Amino acid sequence: MRRFAYLLVPLLLAAAGCTATTEEPERPAPATRAERPSPFADCAPLTVAPAAASPTSAGKTGDQLPDLTLNCFTGGAPVNLRDVEGPAVINVWASWCPPCRKELPAFQRLSERADGRFQVIGVNSRDSRGGAQSIGEDYGVDFPMLLDQGDAFQRALERNAFPLTVLVDADGRIRHTDATGALDDARLAALLERHLGVRV
């Protein structure tokens, strides 16, 4: 009986081997870590005039925004600054700049009070994408963000300051450039009223 069992075991193993597949089943590729969604808004609306924008009074002069094309943080079509419809408040910042981080919440609040009268636009300059993403998430910044890794915008304006705020009228002309440091709500409101005739 024992000898019969010894003969039977190899037969059972052979039978089992015949039914088993020799090829390893294809395993699904490991899931790649999903890219975090951008906290910033899409840039497509930047080339559409704000709904309730007031026309600029005749006779005012100023330099136009530079003929410079920047990529949008969220992707999509790049934006030429000459195509930006004003009035607009442009904030140039970087995540490594303490005054920039200090004033970002004020710019976010300003964008929430715009009510279609003007646009608030960020230009993230000389920064890493991860740094900008983290600050946007941490501070709840959701206005449109352009990327300028080579500081071309500041060079075109002949300004090398962080942070830098540029006020643009409805005709796309620069009315004021501010490099005095971190701006707060009151200072932003005063600048908008003085240079763009907009009360917030």
Side-chain angles (χ1 to χ4, degrees), residues 35-43 45-46 62-76 78-82 84 86-114 118-169 172-196 198 200:
E35 197 173 303
R36 297 187 329 236
S38 169
F40 309 113
D42 182 54
C43 299
L46 298 182
D63 292 332
Q64 277 192 307
L65 282 169
D67 186 11
L68 177 66
T69 300
L70 298 175
N71 289 324
C72 183
F73 195 95
T74 59
V79 175
N80 187 304
L81 293 178
R82 287 265 171 99
V84 168
V89 179
I90 302 174
N91 176 239
V92 182
W93 69 284
S95 65
W96 47 261
C97 159
C100 300
R101 293 195 307 270
K102 184 177 180 182
E103 72 176 7
L104 270 174
F107 280 92
Q108 176 59 34
R109 289 188 293 272
L110 182 67
S111 75
E112 292 164 3
R113 294 194 311 262
F118 57 90
Q119 304 196 72
V120 175
I121 305 165
V123 175
N124 182 248
S125 182
R126 289 190 237 166
D127 205 354
S128 69
R129 185 176 181 87
Q133 171 97 15
S134 293
I135 292 295
E137 291 168 346
D138 292 348
Y139 289 79
V141 175
D142 64 5
F143 49 84
M145 193 64 57
L146 298 171
L147 295 171
D148 184 15
Q149 301 316 317
D151 73 351
F153 183 45
Q154 289 165 291
R155 282 186 284 118
L157 297 176
E158 298 180 356
R159 303 301 289 261
N160 189 27
F162 280 91
L164 183 68
T165 301
V166 181
L167 302 178
V168 180
D169 69 16
R173 298 200 172 274
I174 297 170
R175 293 292 170 218
H176 179 72
T177 303
D178 190 279
T180 58
L183 300 175
D184 59 17
D185 297 87
R187 180 85 176 117
L188 275 171
L191 288 171
L192 258 75
E193 185 167 7
R194 180 176 179 190
H195 299 287
L196 299 181
V198 176
V200 290

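Just so it is clear, the structure is predicted and the values come from calculations on it, not from any experiment. Basis for what follows: all heavy atoms, side chains included, without hydrogens, waters or symmetry-related copies.
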What's the verdict on side chain to side chain contact (heavy atoms under 4.5 Å, CB included) for F107 and T165, showing C-alpha distance, side-chain angles and the deciding distance? CA-CA 10 Å; F107 280 92; T165 301; 3.4 Å; yes
Heavy-atom side-chain contact between W93 and I135 under 4.5 Å: yes
Determine yes or no for a side-chain-to-main-chain donor-acceptor pair under 3.5 angstrom, with E103 supplying the side chain and D184 the backbone. no
CG (L46) and CZ (F143) are apart, to the nearest 0.5 Å, by 11.0 Å
Would you check if the side chain of S134 reaches a backbone N or O of G131 as a donor-acceptor pair within less than 3.5 Å? no
What one should report as the nearest heavy-atom pair of S125 and V92 is CB-CG1, 4.0 Å
If you round to the nearest 0.5 Å, how far is CG of L191 from OG1 of T177? 11.0 Å
Just how far is it from atom CG of L147 to atom SG of C43, taken to the nearest 0.5 Å? 8.0 Å
Heavy-atom closest pair, residues K102 and A182: CD-CB, 4.0 Å
Spatial distance of atom CD1 (I174) from atom CD1 (I90) [nearest 0.5 Å]: 7.5 Å
Is the shortest side-chain heavy-atom distance between Q154 and R126 below 4.5 Å? yes
Set out, in order, the CA-CA distance, both residues' side-chain angles and the distance that settles side chain to side chain contact (heavy atoms under 4.5 Å, CB included) for V168 and Q119, then state yes or no. CA-CA 10 Å; V168 180; Q119 304 196 72; over 6 Å; no
Any donor-acceptor pair under 3.5 Å from D127 side chain to S95 backbone: yes
F73 vs F40 aromatic rings, parallel, tilted or perpendicular, using cut-offs 30° and 60°? perpendicular
Scanning both residues in full, the closest heavy-atom pair of R159 with A179 reads NH2-CB, 3.6 Å
The test is side chain to side chain contact (heavy atoms under 4.5 Å, CB included); show your working for D185 and L188 and say whether it passes. CA-CA 5 Å; D185 297 87; L188 275 171; 5.9 Å; no
For A88 against L196, the heavy-atom pair lying closest together: O-CD1, 4.1 Å
Do F162 and P99 make a side-chain contact, defined as non-hydrogen atoms from C-beta onward lying under 4.5 Å apart? no
Over all heavy atoms of both residues, which pair between R82 and D67 is shortest? Give the atoms and the distance, please. CG-CA, 3.6 Å
Using a strict cut-off of less than 4.0 Å between a Lys/Arg side-chain nitrogen and an Asp/Glu carboxylate oxygen, indicate whether R173 and D169 qualify as a salt bridge. no
Nearest 0.5 angstrom please: N71 CG to N124 CG, how far? 12.0 Å
Separation between CG of D142 and CD of E112, rounded to the nearest 0.5 Å: 6.5 Å
Please examine the side chains of C72 and P144, heavy atoms only from C-beta on, and report whether any two atoms are closer than 4.5 Å. no
Should V79 and I121 count as side-chain neighbours, where that means a heavy-atom distance under 4.5 Å? no
With a 4.0 Å cut-off on N to O distance, would you call R187 and D178 a salt bridge? yes
Pair N91-V120, side chain to side chain contact (heavy atoms under 4.5 Å, CB included): steps then yes or no: CA-CA 8 Å; N91 176 239; V120 175; 5.7 Å; no
